[in-house]
K.L.:
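First the structure, then my questions, so here it is.
Proteins come first, then strands; the chains are lettered A, B, ... in the order of their sequence lines, and each starts at number 1.
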2 protein chains.
Amino acid sequence: MSDTSHRRERLRERTLTEIKDLARAQLVAGGPAAISLRAIAREMGMTAAALYRYVPALDALVIELCTDLHNEVRIACEAARDADGDPDPVRRLLVMARELRRWALAHRPEATLMFGPPLPGVEQFHQQCDDLQCAGAQLGQIFVQPMLELWQAGRLPDIGHVDLDRLAGALPAHGELPIEVTAVFLTSWTRLYGILAAELFGQLTWAATDTQPLFEAELAFFAAQVHPTPTAAAASVRNS
Amino acid sequence: MSDTSHRRERLRERTLTEIKDLARAQLVAGGPAAISLRAIAREMGMTAAALYRYVPALDALVIELCTDLHNEVRIACEAARDADGDPDPVRRLLVMARELRRWALAHRPEATLMFGPPLPGVEQFHQQCDDLQCAGAQLGQIFVQPMLELWQAGRLPDIGHVDLDRLAGALPAHGELPIEVTAVFLTSWTRLYGILAAELFGQLTWAATDTQPLFEAELAFFAAQVHPTPTAAAASVRNS
DNA sequence: CGCGAAAGTAAACACCGTTCACTCAAATGA
DNA sequence: TCATTTGAGTGAACGGTGTTTACTTTCGCG
């Protein structure tokens, strides 16, 4: 009973992955706005209405795709980190950040969907705060974790001029992180995000065409700010 | 002859501003994707086809709206700067940056349109590099200018770890700026942009709900990096 | 084999951008 | 002043979108 039922489910899941694959293909081909249920159905030789057996609405499909992408880039960063092998937190951060940028520029439409503004109304926005940002938070966590290690080792950079009291009042409930780690993470993350998003969205095409020097400079700046451990780990600033 | 013709032109221009006003109202109400020619025409008691006497296409209308918004925020920043009156370049930069953030958060849909990814295809993207980024560049220029003054006064912050050679190879032709100024500008601009865009796009709702401490920290950090002039101007770090 | 649930279809509704042929009024020139 | 040209606006159509509803078909399970 469950055997054939499983076959059913597998078929269903296969159809759903086909839907998501086609959605991604459309995303790659024409950007986030080009994702269309009718076009997916057309390509699958089906009616658009049939897709509603698998997806409650277009928004949900886009959100799910967005979640998958967050996981994909997180796994890519983790893989790059593990492939490098260096246990030094700073080195791990640099490797992951570079992989994040590499992935984003190699998958611009996907990155635009992930890091750009949420598409339609406000519902999806809140959804992003709960469901998707779960994946988004997981992506952030792999950067938070090495910073936490740095903090535990007393190597965390000084939080420049951040008003910790006010920042502490603006944190979500689930934050069990030391406020210093949060401050350093947010500062570094938004700096990298700014360079990446600005390039992705063509915000500074009038000022520069290659943001790699800026990105590397932020990485080097961060690394230089980390308090050196007496033993080694000062040579990890070097590029890969 | 030209008298009546002028009246005609005024009427035409009045209609065009009405179109753009309604487009902006839709933008405010429902985000960039909610801008619709048919809805504008409906609200004006006209046919959608009639709008094509005033606007070549929806994309062009959005681009023009975007240009207007860039000018509007630039003028707002200039006004804040002039209202403050302090001639110190650092002080002017801080005032303008704060006004930029205040405006963006007070006009989130408009800011999303301006600072988010370009909506449809790639054509608009290039248009943004030429026509719109003309307005975008002007917005950037009011921040470049005080930095240029700082450079002339020998007070420009040290460009952290930016690879100036590589950066110099990635600049558009129209750049007659000293490379150090460009480097400092791009670094500071992308840092502020990152905080602003991240908040606008809900990218770190899982990590923080108020980015004001981060923004102020970046400003303070920049101000602290400026080489002090022998006379005064070190007290201008204070908030307004 | 027959039943029932799941999958898929067809049609409709309400939108959207855009184009084309057409009307109508107003400004222009002789 | 009168005919003409120009511009604004209309109506209909084409092709596209998301979504819902009622209906049909298919297929696994008892």
K.L.:
From CG of A:Leu11 over to C1' of C:dA7, roughly how many Å is that when rounded to an integer?
P.N.:
11 Å
K.L.:
What is the ring orientation for B:Phe185 with A:Trp206, classed by angle as parallel under 30°, tilted 30 to 60°, or perpendicular over 60°?
P.N.:
tilted
K.L.:
In whole angstroms, how far is the C1' atom of D:dT19 from the CG atom of A:Leu61?
P.N.:
14 Å
K.L.:
Can you tell which of D:dG18, C:dC16, D:dT20 lies closest to the side chain of A:Leu37?
P.N.:
D:dG18
K.L.:
Between the side-chain atoms of A:Arg38 and the base atoms of D:dG16, is any donor-acceptor pair under 3.5 Å?
P.N.:
no
K.L.:
Nearest to the side chain of B:Ala50 - D:dT10, D:dG16, C:dG17?
P.N.:
D:dT10
K.L.:
Using a 4.0 Å heavy-atom cut-off across all strands, classify B:Ser36 as base, sugar-phosphate, or nothing.
P.N.:
sugar-phosphate
K.L.:
Does A:Arg191 qualify as a cation-pi partner of B:Phe221, given the criterion of NZ or CZ under 6.0 Å from the six-membered ring centre and within 45 degrees of its axis?
P.N.:
yes
K.L.:
Find the distance B:Ile19:CD1 to D:dA8:P and express it as a whole number of Å.
P.N.:
11 Å
K.L.:
Can you tell whether the side chains of B:Glu216 and A:Arg166 come within less than 4.0 Å, N to carboxylate O?
P.N.:
no
K.L.:
Can you tell me the distance, in whole Å, between the OH atom of B:Tyr52 and the C1' atom of C:dA21?
P.N.:
17 Å
K.L.:
Atom OH of A:Tyr54 and atom P of C:dA7: how far apart are they, to the nearest Å?
P.N.:
5 Å
K.L.:
Indicate whether any N or O donor in one side chain lies under 3.5 Å from an N or O acceptor in the other, for A:Arg53 and A:Thr15.
P.N.:
no
K.L.:
Is the shortest side-chain N/O distance from B:Arg42 to OP1 or OP2 of C:dC16 below 4.0 Å?
P.N.:
yes
K.L.:
Between C:dT18, D:dT17, D:dG11, which one does the side chain of A:Ala39 approach most closely?
P.N.:
D:dT17
K.L.:
Using only heavy-atom distances, decide whether a donor-acceptor pair under 3.5 angstrom links the side-chain of B:Arg53 to the base of D:dG9.
P.N.:
yes
K.L.:
Rounded to the nearest Å, what distance is computed from the CD atom of residue B:Gln26 to the P atom of nucleotide C:dG17?
P.N.:
9 Å
K.L.:
Is the phosphate of D:dA8 approached by B:Arg12 (side-chain N or O, under 4.0 Å from OP1 or OP2)?
P.N.:
yes
K.L.:
Once you round it to whole Å, what is the distance between P of C:dT18 and CD1 of B:Ile35?
P.N.:
13 Å
K.L.:
Name the closest nucleotide to the A:Ala48 side chain, picking from C:dT18, D:dT19, D:dT10.
P.N.:
D:dT19
K.L.:
Taking it one step at a time, do A:Thr211 and A:Arg101 satisfy side chain to side chain donor-acceptor pair (under 3.5 Å)?
P.N.:
CA-CA 10 Å; A:Thr211 63; A:Arg101 177 167 189 268; 2.9 Å; yes
K.L.:
Using whole Å, what does the distance between atom P of nucleotide C:dC15 and atom CD of B:Glu43 come to?
P.N.:
13 Å
